[in-house]
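Sequence lines set the chain letters: A, B, ... in the order given, protein chains first and strands last, and positions in each chain run from 1.
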2 protein chains.
Amino acid sequence: MITLKYSRQRESIKAYLAQTKEHPTADTVYMHIREVYPNVSLGTVYRNLNLLVDQGEIMRISQGESDRFDGNALPHYHFLCTECSCVQDLNIAPGALDHINIIAGAGFEGEIQGHSTFFYGKCSKCIDK
Amino acid sequence: MITLKYSRQRESIKAYLAQTKEHPTADTVYMHIREVYPNVSLGTVYRNLNLLVDQGEIMRISQGESDRFDGNALPHYHFLCTECSCVQDLNIAPGALDHINIIAGAGFEGEIQGHSTFFYGKCSKCIDK
DNA sequence: TTACCTGCAAACCATTTGCAGATCC
DNA sequence: GGATCTGCAAATGGTTTGCAGGTAA
């Protein structure tokens with residue numbers, strides 16, 4: 001973990017994120033920080049968001065990368081290898097994970113209709129390294 | 001569902017996706033189709049991939065959109081409203097969903113280390129509409 | 001002093017779109 | 001014939017980066 005120098009912009013970003021429940025995008029963060037530091041640049045916001053994620057102080061919500069396509073349009077789950085980035089189909093019986101919607105819905109005021117999940121780890125080829 | 005006109009480029013894309021297990025990106029599809037139709041353009045590949053997804057003939061693997069950030073770096077699950085696109089934290093006990101890694105790992109030759117999941121549906125505000 | 005930080009603007013990359021012409025029905 | 005398709009190239013949108021100057025330690 002690299003030692004960071006103090007920066008008021010970064011502190012401001014962290015403080016804003018700690019206090020909101022909105023899960024803002026980088027651009028939304030930018031607009032809020034600009035109210036305090038009108039000269040802040042979008043580049044600085046991106047740089048600091050990435051630094052804070054690297055430090056484990058904030059969390060990035062995304063599944064990044066570019067879209068992939070699958071000739072099999074029937075619902076099924078995918079596995080992503082953290083080593084070689086390959087994507088593989090998983091053999092999970094249809095409906096076998098549906099119960100997690102109920103777990104997630106307990107104590108939630110909205111209506112949960114489904115979930116999107118992928119699993120990650122090492123594929124068989126990358127285990128042998 | 002709009003009626004589509006025949007196009008050899010689109011058929012070629014569909015055939016390629018039906019026969020591969022690679023879960024290719026749009027660019028990878030482009031490079032393969034170009035071997036058959038050297039003049040095909042990347043724009044055409046994107047247009048047809050989107051059409052095929054709309055028709056339900058292929059599946060898009062992604063969670064699109066831009067990244068969001070969360071001041072809470074502790075592992076937790078998120079809910080995404082399909083109406084208003086708001087993101088909310090869910091109250092799921094830590095580890096309450098860990099067992100799905102085991103379900104997913106049954107019959108899989110690689111090693112599953114974790115999963116990434118978000119739930120979707122209608123938030124409490126959007127239910128009342 | 002010197003590493004790290006900033007604003008700015010340009011670069012980048014994936015994806016979309018406007019256009020004029022080609023193709024299917 | 002007319003709607004849908006294509007290739008091309010330019011536009012878009014989110015994100016990163018190079019640079020020259022500023023700031024924390």
Side-chain angles (χ1 to χ4, degrees), chain A residues 1-17 22-70 80 85 87 118, chain B residues 1-17 22-70 80 85 87 118:
Chain A
M1 191 183 286
I2 304 167
T3 309
L4 297 182
K5 223 182 258 188
Y6 173 87
S7 125
R8 56 187 100 186
Q9 291 89 337
R10 184 160 56 241
E11 284 308 303
S12 173
I13 290 170
K14 201 162 68 171
Y16 168 62
L17 284 176
E22 302 237 332
H23 305 84
T25 62
D27 198 67
T28 304
V29 172
Y30 170 56
M31 293 196 291
H32 276 88
I33 302 308
R34 219 169 28 164
E35 290 173 8
V36 186
Y37 300 105
N39 294 325
V40 78
S41 79
L42 190 51
T44 296
V45 169
Y46 272 104
R47 269 185 292 235
N48 280 310
L49 285 171
N50 286 335
L51 282 171
L52 290 169
V53 169
D54 291 347
Q55 302 287 112
E57 304 212 43
I58 67 173
M59 178 179 184
R60 183 195 306 273
I61 309 176
S62 77
Q63 338 294 334
E65 301 187 355
S66 29
D67 289 359
R68 288 169 172 268
F69 297 89
D70 190 333
L80 169 66
S85 297
V87 174
F118 70 85
Chain B
M1 191 183 285
I2 305 168
T3 309
L4 297 183
K5 223 183 258 191
Y6 173 86
S7 125
R8 57 187 100 186
Q9 292 89 336
R10 183 159 57 240
E11 283 309 303
S12 172
I13 290 170
K14 202 162 69 171
Y16 167 61
L17 284 176
E22 303 237 332
H23 303 83
T25 62
D27 199 66
T28 305
V29 173
Y30 171 57
M31 294 196 290
H32 276 88
I33 302 308
R34 221 171 25 167
E35 290 175 7
V36 186
Y37 300 104
N39 294 324
V40 78
S41 78
L42 191 50
T44 295
V45 169
Y46 273 104
R47 269 185 293 234
N48 280 309
L49 286 171
N50 286 334
L51 283 172
L52 289 169
V53 170
D54 291 347
Q55 302 288 111
E57 303 212 43
I58 66 173
M59 179 179 184
R60 184 195 306 272
I61 310 175
S62 78
Q63 338 295 334
E65 301 186 357
S66 28
D67 288 0
R68 289 167 171 270
F69 297 89
D70 190 334
L80 169 67
S85 296
V87 174
F118 70 84

Between [N] atom [atom2] and [X] atom [atom1], what is the distance in whole Å?
X: B/Leu51; N: D/dC5; atom1: CG; atom2: P; value: 6 Å
X: B/Leu4; N: D/dT6; atom1: CG; atom2: C1'; value: 15 Å
X: A/Tyr37; N: C/dT6; atom1: OH; atom2: C1'; value: 13 Å
X: A/Tyr30; N: C/dG7; atom1: OH; atom2: P; value: 9 Å
X: A/Arg68; N: C/dA14; atom1: CZ; atom2: P; value: 12 Å
X: A/Arg60; N: D/dT15; atom1: CZ; atom2: C1'; value: 10 Å
X: A/Asp54; N: D/dT16; atom1: CG; atom2: C1'; value: 14 Å

Q.
Closest approach to the side chain of B/Tyr46, judged atom by atom: which nucleotide of D/dC5, C/dG7, C/dT16 is it?
A. C/dT16
Please classify the nucleic acid contact of [X] as base, sugar-phosphate, or nothing, using heavy-atom distances under 4.0 Å.
X: A/Ser7; value: sugar-phosphate
X: A/Asn50; value: sugar-phosphate
X: B/Asn48; value: sugar-phosphate
X: A/Arg47; value: base

Q: Return the 5'-most residue of the pair B/Ser41, B/Phe69 with respect to DNA chain D, ranking by each residue's nearest nucleotide.
A: B/Ser41
Q. Between A/Leu42 and B/Tyr6, which has a closest nucleotide on DNA chain D that is more 5'?
A. B/Tyr6
